[in-house]
Amino acid sequence: MDLLFELDGNILLWIQENLRKEFLNPIVTFLTSLGDAGWFWIMLCVLMLFSKQSRKTGMTGLVALLIGFLITNDCLKNMVMRVRPYEMVEGLELIGKKAVDFSFPSGHSTASIAASVVFLIMLPKRYGVLAIALGILICFSRLYIGIHYPTDVIAGALIGLFAAFTAVFLMNPRKVKTDSSRL
């Protein structure tokens with residue numbers, strides 16, 4: 001476990017030293033804010049409810065977000081109780097304000113991957129690809145600002161994948177079988 005912690009910390013310090021740039025900080029801070037409480041993904045899903053063509057996608061996205069939230073925020077964060085990296089990794093500087101909850105897994109990553117994978121499966125490919133790109137950028141932003149360990153983000157993304165496929169299966173089982181080749 002110490003080796004994994006060391007690797008996590010070294011990756012964050014490498015990002016801080018090699019990828020952080022003053023001009024990028026406001027852009028990445030904005031990107032990460034899109035994942036705050038899943039508001040951006042929730043808003044997209046709710047907006048989809050108003051169109052008959054996208055209603056099922058919006059509902060499926062909301063179900064995926066709920067599944068991801070229950071696993072990540074209601075269960076795992078409180079069970080694992082991992083301290084944030086900016087409090088543990090010597091030399092790591094946080095960009096922005098401190099978090100009030102635990103670090104593992106990343107809720108931003110869970111929500112971003114859950115919703116964007118639903119969109120990839122259920123929407124025309126060009127919209128799904130844009131959603132996935134944004135979801136991945138939000139995941140990376142959590143590392144860039146120093147608020148999550150890489151393993152937090154990976155775990156959150158895997159939970160998001162699980163939540164997306166579960167929601168698609170629950171809401172439209174045939175869609176999983178016929179469209180999983182798009183991934």
Side-chain angles (χ1 to χ4, degrees), residues 1-16 28-46 58-121 131-132 134-171 176:
M1 213 49 155
D2 288 335
L3 183 62
L4 184 59
F5 173 77
E6 188 176 330
L7 179 62
D8 262 353
N10 287 338
I11 291 169
L12 291 174
L13 291 172
W14 185 89
I15 290 169
Q16 178 175 280
V28 176
T29 301
F30 170 75
L31 281 171
T32 212
S33 74
L34 295 176
D36 292 350
W39 77 266
F40 178 77
W41 302 109
I42 293 168
M43 182 190 72
L44 283 178
C45 291
V46 168
M59 284 300 301
T60 304
L62 290 172
V63 169
L65 288 166
L66 178 61
I67 292 168
F69 173 81
L70 292 173
I71 294 169
T72 299
N73 294 72
D74 269 2
C75 190
L76 290 176
K77 278 188 184 277
N78 296 318
M79 284 175 49
V80 176
M81 297 172 44
R82 189 176 197 189
V83 177
R84 296 283 177 166
Y86 54 81
E87 295 183 13
M88 300 296 293
V89 178
E90 189 174 327
L92 182 64
E93 297 172 18
L94 174 68
I95 296 174
K97 60 184 180 193
K98 292 185 176 187
V100 296
D101 63 352
F102 295 110
S103 187
F104 183 90
S106 166
H108 282 67
S109 299
T110 299
S112 296
I113 298 303
S116 65
V117 168
V118 166
F119 297 166
L120 182 65
I121 293 170
I132 285 289
L134 179 59
I136 290 169
L137 285 171
I138 291 172
C139 289
F140 178 74
S141 74
R142 306 307 284 166
L143 304 174
Y144 183 96
I145 67 170
I147 205 156
H148 277 293
Y149 295 97
T151 49
D152 298 343
V153 170
I154 292 167
L158 290 173
I159 294 165
L161 271 174
F162 170 79
F165 280 110
T166 302
V168 170
F169 178 77
L170 291 172
M171 301 298 286
V176 173

Atom of [X], atom of [Y] and distance for their closest heavy-atom approach:
X      : Y      : value
Ser116 : Ala131 : CB-O, 3.2 Å
Ile138 : Ser112 : CG2-OG, 3.3 Å
Leu65  : Cys45  : CD1-SG, 4.2 Å
Leu76  : Pro105 : CB-CD, 3.6 Å
Ser141 : Thr32  : OG-OG1, 2.9 Å
Ser109 : Ala157 : CB-N, 3.9 Å

Kindly compute the distance separating [atom1] ([X]) from [atom2] ([Y]), expressed to the nearest 0.5 Å.
X      : Y      : atom1 : atom2 : answer
Leu161 : Thr110 : CG    : OG1   : 10.0 Å
Lys77  : Arg82  : NZ    : CZ    : 11.0 Å
Leu34  : Thr29  : CG    : OG1   : 11.0 Å
Ile145 : Lys97  : CD1   : NZ    : 10.0 Å
Ile154 : Phe104 : CD1   : CZ    : 10.0 Å
Glu87  : Lys98  : CD    : NZ    : 5.5 Å

Please answer whether the main-chain N or O of [Y] pairs with a side-chain N or O of [X] as donor and acceptor at a distance below 3.5 Å.
X      : Y      : answer
His148 : Ser103 : yes
Gln16  : Gly146 : no
Thr166 : Ala163 : no
Arg84  : Asp101 : yes
Asn73  : Gly107 : no

Pair Leu31-Leu134, side-chain contact (heavy atoms from CB on, under 4.5 Å): steps then yes or no
CA-CA 8 Å; Leu31 281 171; Leu134 179 59; 3.7 Å; yes
Can you sort out the partners of Tyr149 under ring pair (Phe, Tyr, Trp, His ring centres under 6.0 Å), two or more places apart, ordered by chain and number?
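Result, ring pair (Phe, Tyr, Trp, His ring centres under 6.0 Å) vs Tyr149: Phe5.
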By side-chain contact (heavy atoms from CB on, under 4.5 Å), which residues pair with Met43, not counting sequence neighbours?
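Listed in chain order: Trp39, Phe40, Leu47.
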Applying side-chain contact (heavy atoms from CB on, under 4.5 Å), can you list everything that pairs with Phe140, at least two apart in sequence or on another chain?
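So Phe140 forms a side-chain contact (heavy atoms from CB on, under 4.5 Å) with Ile15, Leu19, Leu143, Tyr144.
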Short N-O contact, Asp152 and Arg142, less than 4.0 angstrom:
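So Asp152 does not pair with Arg142 through a salt bridge.
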Derivation of the side-chain contact (heavy atoms from CB on, under 4.5 Å) call for Val28 and Ile95
CA-CA 10 Å; Val28 176; Ile95 296 174; over 6 Å; no
Determine whether Pro150 and Leu12 make a side-chain contact, defined as any pair of heavy atoms from C-beta on separated by less than 4.5 Å.
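The answer is yes, as the side chains (C-beta and beyond) meet within the 4.5 Å cut-off.
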